[in-house]
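One structure is given here, and the rest of the page talks about it.
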There are 2 protein chains.
Amino acid sequence: METTTQAGSPAQPRAPLSKERVLSAAVALADEGGVDALSMRKIAQALGVVPMALYKHVANKNELLDGMIDVLVGEIDPPAGNTDWKTAIRRRVLSARRMLLRHTWATEVIESRMKARATPTPAVMEYLDSMIGIFRAGGFSVDLVHHAMHVMGSRLLGFSQELFEDSSGREPDPDAMPPEEMAARFPHITELAMAVAHDPDSVVGSGCDDQFEFEFALDLTLDGLERLLRRN
Amino acid sequence: METTTQAGSPAQPRAPLSKERVLSAAVALADEGGVDALSMRKIAQALGVVPMALYKHVANKNELLDGMIDVLVGEIDPPAGNTDWKTAIRRRVLSARRMLLRHTWATEVIESRMKARATPTPAVMEYLDSMIGIFRAGGFSVDLVHHAMHVMGSRLLGFSQELFEDSSGREPDPDAMPPEEMAARFPHITELAMAVAHDPDSVVGSGCDDQFEFEFALDLTLDGLERLLRRN
DNA sequence: ACCTGAACACCGTTCAAGT
DNA sequence: ACCTGAACACCGTTCAAGT
């Protein structure tokens, strides 16, 4: 009802807009509506600013996305000291995973920007570098850590990569296949799905215990690497 | 110079437009210019047709993308008979990888559509089902094949997922870091990069032997699974 | 010198008007 | 009944006109 500035509450509609404010507004918007719905115009609107004002702090949308990735990488826990390489890597990767689960759009943006850029951003480089450092301190040769980084690739800044994620709240398929046809055409999937559904330990409704599956895969890889290391 | 139909060459500008023609035109355009540059309008133009004509064969752009994925899955070699599960899986995954390398935009589209859809398309389901079938025929329990599918996840319809791919032909970074600063800030990356650069066996210029790295990671996973299988 | 509105060249998709 | 042009509601970004 009152458009002029009130005495008691300065209304502060004009906090001085910085790159940080732009980036965190962008991250918040992406968290809410996904990265496809993210536009320069909407970020500006959320900040109470004209669209062109953003271009004073980021050169273009790609640079904005790079900045958003750096914000995310900053959320990954720093490496733990006083442990062996295996638990240090394990904790770090699981911390990265938690970040990825908080920001569902992260893998998409990271992957597409990594593909487009000649070099990852410094923040990503720093993260990768400290990962390599943990392996090296654990006694890995340069060659073996090279392979290890490639093996870990998809999990380092990885993907939860669930093939059959919880499907509630997604586009419902108007002409979905009837269960009988499913069972006839895809017997192995059906068998597997049935086993999962009847497993009392599995999470009700969602089917797969994503966390368990992720750790299972991670440990399989880490054990394999450890075996190679011992063989030196 | 001649706009009317010639006698010798019927000019056939009006092949009757089918869903298949639309999809293969879309795949060809994506192969050329990437999926970001793909638009309904450009597909129509390539087919010599008005944009709205496409909507007779695909309901919307998402359905178009789903159809394109099916075209790609159709390019993966069928499972080989007369072999053990390990070589059968290996061949199939490597065939999928070759498809992914032919269509650089594939992983991006597959990942984003898998995330959006409640169920993968039937063609993708068929592929996954026959994969599970190979494991089952190899003696895997339903439980173990369940885990195996999760482990293989990122490689099944996977990602080449190279962290440091050949950077030629990508956006050059105007303010790239000087090598000395690189070495100081990222010692481990530098060490690794140097070792790779001085390895006479590595591919000149591109740095990493992507194919070798992919197979290294794949075999590490497969060997781990085999060990679990033997332990039954 | 700084800021910004209008404009440009695009999108996917709707819809009513044409045949 | 079919087909399609124009239009709608968006984009990211340029640029010239305002202060």
Side-chain angles (χ1 to χ4, degrees), chain A residues 12-19 21-23 25-69 105 108-109 112-113 115-117 170-175, chain B residues 12-23 25-69 105 108-109 112-113 115-117 170-174:
Chain A
Q12 50 188 13
R14 296 217 164 208
L17 200 61
S18 62
K19 181 160 186 176
R21 285 211 334 126
V22 171
L23 291 180
V27 168
L29 276 178
D31 285 345
E32 284 169 31
V35 79
D36 286 343
L38 185 72
S39 73
M40 300 300 274
R41 286 163 142 99
K42 280 183 190 159
I43 299 166
Q45 193 185 10
L47 289 165
V49 149
V50 79
M52 285 314 299
L54 302 178
Y55 286 80
K56 283 273 104 104
H57 301 95
V58 287
N60 50 42
K61 196 177 186 185
N62 280 342
E63 198 183 271
L64 174 93
L65 292 173
D66 289 339
M68 291 169 71
I69 293 174
W105 46 274
E108 181 184 341
V109 174
S112 82
R113 288 305 298 152
K115 228 173 241 177
R117 283 181 62 92
R170 271 187 281 185
E171 303 171 13
D173 204 341
D175 37 42
Chain B
Q12 49 190 13
R14 296 218 164 209
L17 201 62
S18 62
K19 181 161 186 174
E20 272 158 20
R21 283 211 335 126
V22 171
L23 292 181
V27 168
L29 275 178
D31 285 344
E32 284 168 31
V35 80
D36 287 342
L38 186 72
S39 73
M40 300 300 273
R41 288 163 142 100
K42 280 183 191 161
I43 298 166
Q45 193 185 12
L47 289 166
V49 150
V50 79
M52 284 315 298
L54 302 178
Y55 286 80
K56 284 272 104 105
H57 301 96
V58 287
N60 50 42
K61 196 177 184 184
N62 280 341
E63 200 184 89
L64 174 91
L65 292 173
D66 288 339
M68 291 169 70
I69 293 174
W105 47 273
E108 182 184 341
V109 174
S112 82
R113 288 307 299 153
K115 226 171 242 176
R117 282 181 62 93
R170 273 188 278 186
E171 304 172 12
D173 204 339

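Order of the sequence lines fixes the chain letters, A, B, ..., with proteins taken first and strands second; residue numbering starts at 1 for each chain.
Comparing D:dC8 with C:dG18, their P atoms sit 16 Å apart, to the nearest whole Å.
Within a 6.0 Å radius of CD in B:Gln45, no more than 12 heavy atoms belonging to other residues, nucleotides or ligands are found.
The two residues A:Leu23 and A:Leu64 make their nearest non-hydrogen contact at CD2-O, 3.7 Å.
Shown here are the side chain to side chain donor-acceptor pair (under 3.5 Å) partners of B:Asp36, two or more places apart in sequence or in another chain: there are none. A:Asn60 pairs by the side chain to side chain donor-acceptor pair (under 3.5 Å) definition with nothing, not counting sequence neighbours. Taking the side-chain contact (heavy atoms from CB on, under 4.5 Å) definition, one finds that B:Ser112 meets it with nothing, sequence neighbours left out.
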Footprint string (nucleotides 7-19 of chain C, 5' to 3'): B base within contact, S backbone only, - free, heavy atoms under 4.0 Å: B---BBBBB----
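In this structure, the side chain of A:Lys61 does not engage the main chain of A:Met40 through any donor-acceptor pair within 3.5 Å.
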Under 3.5 Å, side-chain donor or acceptor atoms of residues 52-59 of chain B against the rest of the protein: list the pairs with distances, not counting sequence neighbours.
| from | atom 1 | to | atom 2 | distance (Å) |
| --- | --- | --- | --- | --- |
| B:His57 | NE2 | B:Leu17 | O | 3.0 |

Test log, rule side chain to side chain contact (heavy atoms under 4.5 Å, CB included), inputs B:Ile69 and B:Arg113: CA-CA 9 Å; B:Ile69 293 174; B:Arg113 288 307 299 153; 3.7 Å; yes
Watson-Crick and G-U pairing of DNA chain D, under 3.5 Å, as dot-bracket with | and [ ]: ||.|||||...|||||.||
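One atom, NE2 of B:His57, and another, P of D:dT4, lie 11 Å apart when rounded to the nearest Å.
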